[in-house]
Amino acid sequence: MRVREDSQTGKKTSWGLLVGVGLISFSLLALEITLTRLLSVMLLYHYVFIVVSLALLGLGAGGIFVYLFRRNLTAEAPRYDVLAKSASLIALSIPLAVLIMVLVGYVEFLGNAILVYGVLLFVPFFFAGKLFAEVFRMFPAMSARIYGADLTGAALGSLGVIFLLDALGAINTSFLLGMFVGAAALLFASKLLGRSTRQVIASAGSLLLTVAILGANMLGAYLPDVPIVDVSPGKEMSLAISEPSSQGEIIESRWSAFGRTDLVKFNQRPGQMKLYVDGTAGSPMYRFTGNLGDPGEEVSRLKDTFPGYFPFFFLSPAEKQNALLIGPGGGRDIVMALMGGIEEITAVEVNADQIDIVRAYSEYNGGILTEFSNVRVVVDEGRNFLKRQQEQYDLIFLSLPVTQTSRSLEGYALTENFLFTTESISDYLEHLTDEGQLIVVSHDDFTTWKLLAVSLAALQEKGFSSQAAMERIYLLGLSTPGTNPLFVLKKTSLAPAESLKSFTCKPER
């Protein structure tokens, strides 16, 4: 192994120190991201921010601890012994903190005590802050290289965690990260061979314990599920499961870097299932026969109950050549477009797990993604996909695109939805045919009015007056309880006869 003389301490050091620091930095950065994914399932977004902030407070607290209470620590102290002990504590505290946090979520009187999660996750970050303060104090002549190893590990962790989450999910990823830190502890302890056998054994034990925890969980011996803590009535999946009227039951779960995707069936509503991402953003999947002439009761009812189908009543054959559906989720928009007679359908979904689940349940949903040759599915972010396309569409359709994430009414000014900006509206208009329409089914009146204001601004930037812009827009279902408002923007003006037909005549079925 290459060695280099530490000019300040007169002792030899090796690249093992830098590799150990890099492993720990990799694990900590990846853990921060992993916790946001895990806590997004258990809690709502604002509680996630609180818990992660409290956890990261531990890094600073560890450094302060070293400054205040370990002033006598010098470069001549048993350096690798100190580092091996600290790394072993980090390695053990990561999986244990996650295990206990998940268990606490199931305890009724503790489950909604948000500070409990923050305190539990504070521990591994505290030990990490302590280790980094100690390593910089004990190896001052190597501080530049240690800092480089720290940054390199963090950079690799921010990328590597994506692959780890896709492969293992949030819980197993956190266990694996604890194992990586255990390997760093053993690497530090290897410098003590022949001098401190006890610490070498302790470090090896911490690594073996993290390996055992990861192995046991991957074999299904510990955690079958993650609790959804009832800290707010807004967690959709929790309500769907707990309500007697629906009697929901999770029948499949998949983890990825995007989040956790769950498929819930309803014992009281066998004609519909729902897909949830991190327990929110419910997207229905209907029992569909696969026969457009006789699609089944639930699917047939869409024509009468779902506002997104309303524009299809008035489309001419020339306006049904193709459609772009952004965020089809469980496939309702695809079924609707098929029933509406769209010839070519392109569905763009950012969550690959949702697409895989819909394909896996083709027998239930009529094979909307496998049996219809005119349906093309692309895993991509909708706007990015659109900007790369040269093709124009008769319809661009978005259904309930805003989820319960950091975008909220309370943080409106800071959390703009990039799907609904003046630039995005311009992108949609550029990719519509001359008679094309942008159709959006929104969550509420607030979102609809915001979409209207943004669209008017986008049209005015293109030189249209307010009156000319309004001639291209109509709204439906505002201030109607139990109904999602409909927003329609047509590239050309709505003709008077067309408007009269839409708003005074009963659509023919």
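One is the number of the first residue; the rest follow in order along the sequence. Source: prediction; values computed, not measured.
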* Looking at the rings of Phe122 and Tyr117, which for Trp means the six-membered one, are their centres under 6.0 Å apart? -> no
Between [X] and [Y], do the side chains contain an N or O donor and an N or O acceptor separated by less than 3.5 Å?
X: Asn351; Y: Thr261; answer: yes
X: Thr36; Y: Glu32; answer: no
X: Ser442; Y: Thr448; answer: yes

Would you check if [X] and [Y] make a side-chain contact, meaning some heavy-atom pair closer than 4.5 Å?
X: Leu451; Y: Val440; value: yes
X: Phe487; Y: Leu476; value: no
X: Met179; Y: Ile213; value: no
X: Phe132; Y: Leu28; value: yes
X: Met285; Y: Leu263; value: yes
X: Asp353; Y: Phe258; value: no
X: Leu398; Y: Val441; value: no
X: Leu168; Y: Met218; value: yes

Using every non-hydrogen atom in the two residues, find where [X] and [Y] come nearest and quote the distance to one decimal.
X: Ser93; Y: Phe127; answer: OG-CD1, 4.0 Å
X: Ser86; Y: Glu134; answer: OG-OE1, 3.1 Å
X: Tyr364; Y: Gln272; answer: OH-N, 2.9 Å
X: Tyr276; Y: Glu236; answer: CE2-CB, 3.8 Å
X: Ser455; Y: Ile425; answer: OG-CD1, 3.7 Å
X: Thr422; Y: Val454; answer: N-CG1, 3.3 Å

- Message: Does the structure place the NZ or CZ of Arg332 under 6.0 Å from the centre of the six-membered ring of Tyr286, at an angle of no more than 45° from the ring's axis?
- Response: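 Because its charged atom misses either the 6.0 Å distance or the 45° angle limit, Arg332 does not stack over Tyr286.
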Taking [X] first and then [Y], would you say they form a salt bridge - that is, a charged N and a carboxylate O separated by under 4.0 Å?
X: Glu298; Y: Arg301; result: yes
X: Arg254; Y: Glu252; result: yes
X: Asp262; Y: Arg260; result: yes

*asked:* Applying side chain to side chain donor-acceptor pair (under 3.5 Å) to Ser424 and Asp427, what does each step give before you reach the verdict?
replied: CA-CA 5 Å; Ser424 67; Asp427 288 340; over 6 Å; no
Drop me the distance from [X]'s [atom1] to [Y]'s [atom2], to the nearest 0.5 angstrom.
X: Ile250; Y: Met237; atom1: CD1; atom2: CE; answer: 4.0 Å
X: Thr152; Y: Leu156; atom1: OG1; atom2: CG; answer: 6.5 Å
X: Leu187; Y: Tyr80; atom1: CG; atom2: OH; answer: 8.5 Å
X: Leu99; Y: Ile94; atom1: CG; atom2: CD1; answer: 12.0 Å
X: Thr483; Y: Phe306; atom1: OG1; atom2: CZ; answer: 11.0 Å
X: Ser53; Y: Leu121; atom1: OG; atom2: CG; answer: 12.0 Å

Treating [X] as the side-chain partner and [Y] as the backbone partner, does any N or O pair qualify as donor plus acceptor under 3.5 Å?
X: Gln268; Y: Gln247; result: no
X: Asp445; Y: Ser479; result: yes
X: Asp150; Y: Val21; result: no
X: Asp166; Y: Ser256; result: no
X: Ser203; Y: Val200; result: no

_Determine whether Asp81 and Lys191 satisfy the following criterion, salt bridge (Lys or Arg N to Asp or Glu O under 4.0 Å), listing intermediate values before the conclusion._
CA-CA 8 Å; Asp81 182 72; Lys191 303 295 182 181; over 6 Å; no
Review point. Can you check side-chain contact (heavy atoms from CB on, under 4.5 Å) on Phe188 and Ile24, steps first, answer last?
Key: CA-CA 12 Å; Phe188 295 147; Ile24 295 172; 3.8 Å; yes
message: Taking NZ in Lys274 as the centre, count heavy atoms belonging to other residues, nucleotides or ligands within less than 6.0 Å. Is the count above 12?
response: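 More than 12 within 6.0 Å, yes.
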Does the pair Arg37 and Leu165 meet the rule for a side-chain contact (heavy atoms from CB on, under 4.5 Å), with working shown?
CA-CA 9 Å; Arg37 304 313 322 130; Leu165 288 170; 3.8 Å; yes
Residue that, paired with Phe125, satisfies side chain to side chain contact (heavy atoms under 4.5 Å, CB included) out of Leu54, Leu31, Val52:
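It is Leu31; the other options fail the test.
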**Request:** Test Val348 against Leu325 for side-chain contact (heavy atoms from CB on, under 4.5 Å), laying out the working first.
**Result:** CA-CA 6 Å; Val348 182; Leu325 312 180; over 6 Å; no
(request) Would you please classify the geometry between the Phe126 ring and the Phe65 ring as parallel, tilted or perpendicular, with 30° and 60° separating the classes? (result)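 If you compare the ring of Phe65 with that of Phe126, the planes turn out perpendicular.
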Handout entry: Stepwise side-chain contact (heavy atoms from CB on, under 4.5 Å) test for Ile396 and Ile439
Key = CA-CA 6 Å; Ile396 297 177; Ile439 302 173; over 6 Å; no
